[in-house]
Amino acid sequence: MTAALSAHELIARHRSTLDQALEAIRTRAYWSPHPEHPKAYGENGSLDAAAGKAAFDALLGTRLDLGQPGTDDWVGGETSPYGIDLGVTYPHADLDVLLPAMKAGQRAWRDAGAEQRAVVCVEILKRISDRTHEFAHAVMHTSGQAFMMAFQAGGPHAQDRGLEAVAYAYVEQARTPDNAEWTKPQGKRDPLAMTKQFTPVPRGIALVIGCNTFPTWNGYPGLFASLATGNAVLVKPHPRAVLPLALTVQIAREVLAETGFDPNLIALAAERPGEGIAKTLALRPEIRIIDYTGSTAFGDWLEANARQAQVYTEKAGVNTVVVHSTSDYKGMLSNLAFSLSLYSGQMCTTPQNLLVPREGIATDQGPKSYDEVVADLARAVDGLLGDDARANALLGAIVNPDVKARLEAAAGLGEVALASREITNPDFPGAVVRTPVIVKLDGAKPDAEAAYMSECFGPVSFAVAVDSAADAAELLRRTVREKGAMTVGAYTTDPEVEQAVQEVCLEEAAQLSLNLTGGVYVNQTAAFSDFHGSGGNPAASAALCDGAFVANRFRVVEVRREA
C-alpha cells in the first residue's frame with residue numbers, strides 16, 4: 001500500500017506526545033493532551049459544537065460502510081435512552097472471510113516496530129479527539145449519559161485511557177532492545193560471539209467486547225493496548241451502543257490505510273438482534289486476546305471457556321464506603337451525594353454500600369446518630385437534584401429496563417430513607433430519568449445480607465448499620481474478597497481506623513479513596529495517574545492501565561546467529 005503519511009512524518013508529529021505520556025505514567029502527575037472543555041474545539045481541524053452536532057445528525061438513518069471484507073448483511077436497531085431511534089446500520093461479517101483478512105496484514109504491522117505502531121495509534125487518537133463533539137452525541141445517545149459527561153468521559157477521558165495504554169505498550173516492548181551483541185570470554189580460546197535479534201510478536205487477533213454504559217472509556221484501553229503491541233483488533237460492540245465504536249473503527253481503518261498498513265487490522269463485528277455472537281467469537285481459534293466489560297456471569301464464562309485466549313475482564317463488584325467519622329460533615333455529605341447521583345449510579349465505580357456504625361459518628365458538627373447521618377445524606381441528594389435542569393445534567397437517562405426494574409425493586413428491601421422520583425427531561429420526553437433511592441439495612445440481620453452482598457447496578461444505595469469500625473472493616477474485607485470492588489471509600493479521623501481500612505484494601509487488592517470532601521469523587525479515576533481496578537479481586541482480572549495489562553499481549557521472539 002502507498003503511504004500518505006510516512007513513519008518519519010508521524011514520529012515527528014507525535015513523538016513528543018508519546019514522550020509526555022511516558023513521563024506521565026512514570027511520575028503519576030496530572031497530564032492530558034485532550035481538552036475537557038467543549039469550547040476548546042473548533043480550530044486546527046477539530047469540530048466545534050455546532051459542527052459536531054451536525055455530523056452526528058448526518059449519521060442518523062444512514063449505512064455506515066466501513067469497507068470491510070466479508071460483509072453479508074446490514075444490521076442495526078439502536079434506540080437512544082433519550083427516546084430516539086438512531087437508524088444507523090452496520091456491516092454484519094462472515095467471520096470465515098473477515099478473520100483471515102484481518103490476519104493478512106499482521107506481518108507488516110509486526111515488522112513496523114513498537115515506535116511506529118505507537119505513533120500510528122496516537123494519530124488515530126488525535127483524529128478521534130478532533131471529532132470529540134460528534135463522539136459526545138454518539139456516546140450520549142447510546143449510553144444515556146448526560147451530554148457533558150458523555151463529552152468528557154466518552155471523549156477526552158476515554159482518549160487519555162487509550163493513550164495511556166499505548167504508552168504502557170511501548171514501555172513493555174522497548175524494555176528489550178531490538179538487537180544485542182553477546183560475547184563470552186573463553187580464556188585462551190577465542191571468545192564465543194553471537195548477534196541476537198529480539199522481536200515483539202503479537203498473539204493474534206484481539207477481541208474487544210464493548211459495554212453499553214461506557215463504550216469508548218472501557219473499550220479504548222484494550223483496543224489500543226492490543227493494536228500497539230502488533231495485534232489485529234476485532235471490535236464487538238454492545239448491540240445498544242454500536243455507533244461510538246463503529247466510528248472509532250472507521251477512523252482507525254482510515255489512518256492505517258494512509259500510513260501504508262492494511263486497514264483490516266481493525267474491524268467491526270456488529271450483530272443481528274438476539275444473535276449473541278460474543279460467545280461464538282470468543283471460542284474461535286483465531287481469537288488470542290479478549291477484553292470484556294460487563295456482567296460477572298459472562299465474564300466468568302469467558303475466563304472458564306475461552307482457553308485459547310488471554311482474557312482481561314472487568315466484571316461486577318460491590319463498592320463500599322466506610323463512614324466512621326469526619327472533620328467536614330457538610331463536605332462529606334456533598335461528596336457522597338454527587339457520587340451516588342452521577343449518571344444515575346450506572347458506573348462500575350459508584351458506591352453501593354455505606355457502612356455506618358449504629359451508635360453514630362463523630363463530626364465537626366458534633367456527634368451524629370446513624371439515623372441522622374442517613375437522613376442528612378438523603379437531604380443532600382435531594383438538595384443536589386432538587387432543580388430538574390441540574391438533575392437531568394447529572395443523572396442522564398436510565399440505560400435499560402433492567403436498571404429501572406432493580407431501582408423499583410430496591411424500595412422493598414428495607415426502610416426507604418430516600419425515595420426515588422421521576423424527572424421529566426423537556427428536551428427528550430422519552431427519556432427515563434430517576435433520582436437515586438437510599439435504603440436502610442441492618443447489617444446484623446441475615447435477611448438484609450442478600451441485598452447488600454449483591455451488586456445492584458444503578459441508582460441504588462444501602463445504608464448498612466454495623467456494630468463498630470472493626471465490624472465495618474471486617475464486612476468490607478468479606479465483601480471485597482467474595483464479591484470484588486472497583487472502588488472503596490472511607491471517612492475517618494481516627495488513625496487506627498484509617499490503618500485498619502487501608503490494610504484491608506492492601507490485602508484484598510482494592511483501590512481506596514480516603515476522606516474525599518472536595519471536587520474529586522470515589523467513582524472517578526484519572527488516566528496516567530489512577531489505576532482503575534486492580535486485577536487482584538473478583539471485580540476485575542486486570543487494571544487500567546499497568547504493565548500487566550499490556551505485557552502478555554505479545555511475546556518476544558529471539559533470533560541468534562554466530563557473529
Side-chain angles (χ1 to χ4, degrees), residues 81 143-146 149 213 316-323 332-356 358 370-388 390-425 431-443 445 447-466 475 479 483 485-487 489 521-523:
S143 70
Q145 295 174 32
M149 184 174 183
T213 48
V318 177
N319 301 318
T320 299
V321 178
V322 175
V323 182
M332 180 190 78
L333 295 173
S334 176
N335 192 281
L336 284 173
F338 187 91
S339 296
L340 301 182
S341 303
L342 185 62
Y343 184 31
S344 300
Q346 298 171 122
M347 303 172 70
C348 62
T349 50
T350 300
Q352 174 180 302
N353 292 346
L354 310 174
L355 309 186
V356 185
R358 64 181 75 252
Y370 164 83
D371 288 334
E372 287 176 314
V373 172
V374 179
D376 289 344
L377 178 59
R379 276 191 288 272
V381 173
D382 228 9
L384 177 68
L385 304 176
D387 176 76
D388 282 3
R390 182 167 60 178
N392 276 306
L394 280 175
L395 295 169
I398 298 296
V399 70
N400 64 54
D402 292 340
V403 175
K404 181 171 177 282
R406 281 193 293 271
L407 171 63
E408 292 170 348
L413 297 175
E415 181 186 342
V416 175
L418 176 66
S420 177
R421 68 183 180 91
E422 183 176 351
I423 293 178
T424 300
N425 187 319
V432 177
V433 185
R434 299 288 189 276
T435 62
V437 63
I438 300 176
V439 178
K440 297 164 74 171
L441 297 174
D442 189 333
K445 293 185 177 180
D447 59 342
E449 186 175 309
Y452 66 72
M453 286 297 286
S454 301
E455 187 193 34
C456 193
F457 184 75
V460 177
S461 294
F462 300 117
V464 183
V466 295
L475 179 53
T479 303
K483 302 297 181 180
M486 295 301 293
T487 58
Y521 304 94
V522 68
N523 43 352

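What you find for V321 and P351 is that their closest heavy atoms are CG2-CB, 3.7 Å. When all heavy atoms of G414 and L441 are compared, the closest pair comes out as CA-CD2, 4.2 Å. The two residues S143 and V399 come nearest to each other via the heavy atoms O-CG2, 3.1 Å. The two residues V318 and E455 have their closest heavy-atom pair at CG2-N, 3.7 Å. Nearest heavy atom pair, residue V374 against residue A417, reads CG1-CB, 3.4 Å. Residue S341 comes nearest to L385 through the heavy atom pair OG-CD1, 3.6 Å, listed as atom of the first residue, atom of the second, then distance.
For D376 and R379, the salt-bridge test passes: some basic side-chain N is under 4.0 Å from an acidic carboxylate O.
Rounding to the nearest 0.5 Å gives a distance of 10.0 Å between CE of M149 and CG of L394. Atom OG of S461 sits about 9.0 Å away from atom CG of L336, to the nearest 0.5 Å. The structure places CG of N319 at 14.0 Å from NZ of K483, a figure rounded to the nearest 0.5 Å. Note that CG of D371 is 11.0 Å distant from CZ of R358, once rounded to the nearest 0.5 Å. Here S339 contributes atom OG and M347 contributes atom CE; the two are 9.0 Å apart, rounded to the nearest 0.5 Å.
A donor-acceptor distance shorter than 3.5 angstrom exists from the side chain of Y370 to the backbone of A463, with no hydrogens or angles considered. Using modelled atom types, one side-chain atom of N400 and one backbone atom of V403 make a donor-acceptor pair closer than 3.5 Å. A donor-acceptor contact shorter than 3.5 Å links the side chain of R406 to the backbone of F457. Judged purely by atom type and a 3.5 angstrom limit, Q145 uses its side chain to pair as donor or acceptor with the backbone of T213. Checking side-chain atoms of Q352 against main-chain N and O of S454 turns up a donor-acceptor pair under 3.5 Å. Using modelled atom types, no side-chain atom of S420 and backbone atom of V437 make a donor-acceptor pair closer than 3.5 Å. Not one N or O on the side chain of D388 forms a donor-acceptor pair closer than 3.5 Å with the backbone of N425.
Put simply, the side chain of N353 does not reach to within 4.5 Å of the side chain of M453, judged on heavy atoms. Residues V381 and T435 are not in side-chain contact: their nearest non-hydrogen atoms beyond the backbone lie 4.5 Å or more apart.
Paired with R434 under the rule side chain to side chain contact (heavy atoms under 4.5 Å, CB included), one option of L407, I423, L395 passes, and it is L407.
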Inset, instruction - Test L340 against L377 for side-chain contact (heavy atoms from CB on, under 4.5 Å), laying out the working first. - result: CA-CA 10 Å; L340 301 182; L377 178 59; 4.1 Å; yes
Inset, instruction - Kindly indicate, with the supporting measurements, whether the criterion side-chain contact (heavy atoms from CB on, under 4.5 Å) is fulfilled by L475 and Y452. - result: CA-CA 10 Å; L475 179 53; Y452 66 72; 3.8 Å; yes
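If you look at Y521 and F338, their ring centroids are closer than 6.0 Å.
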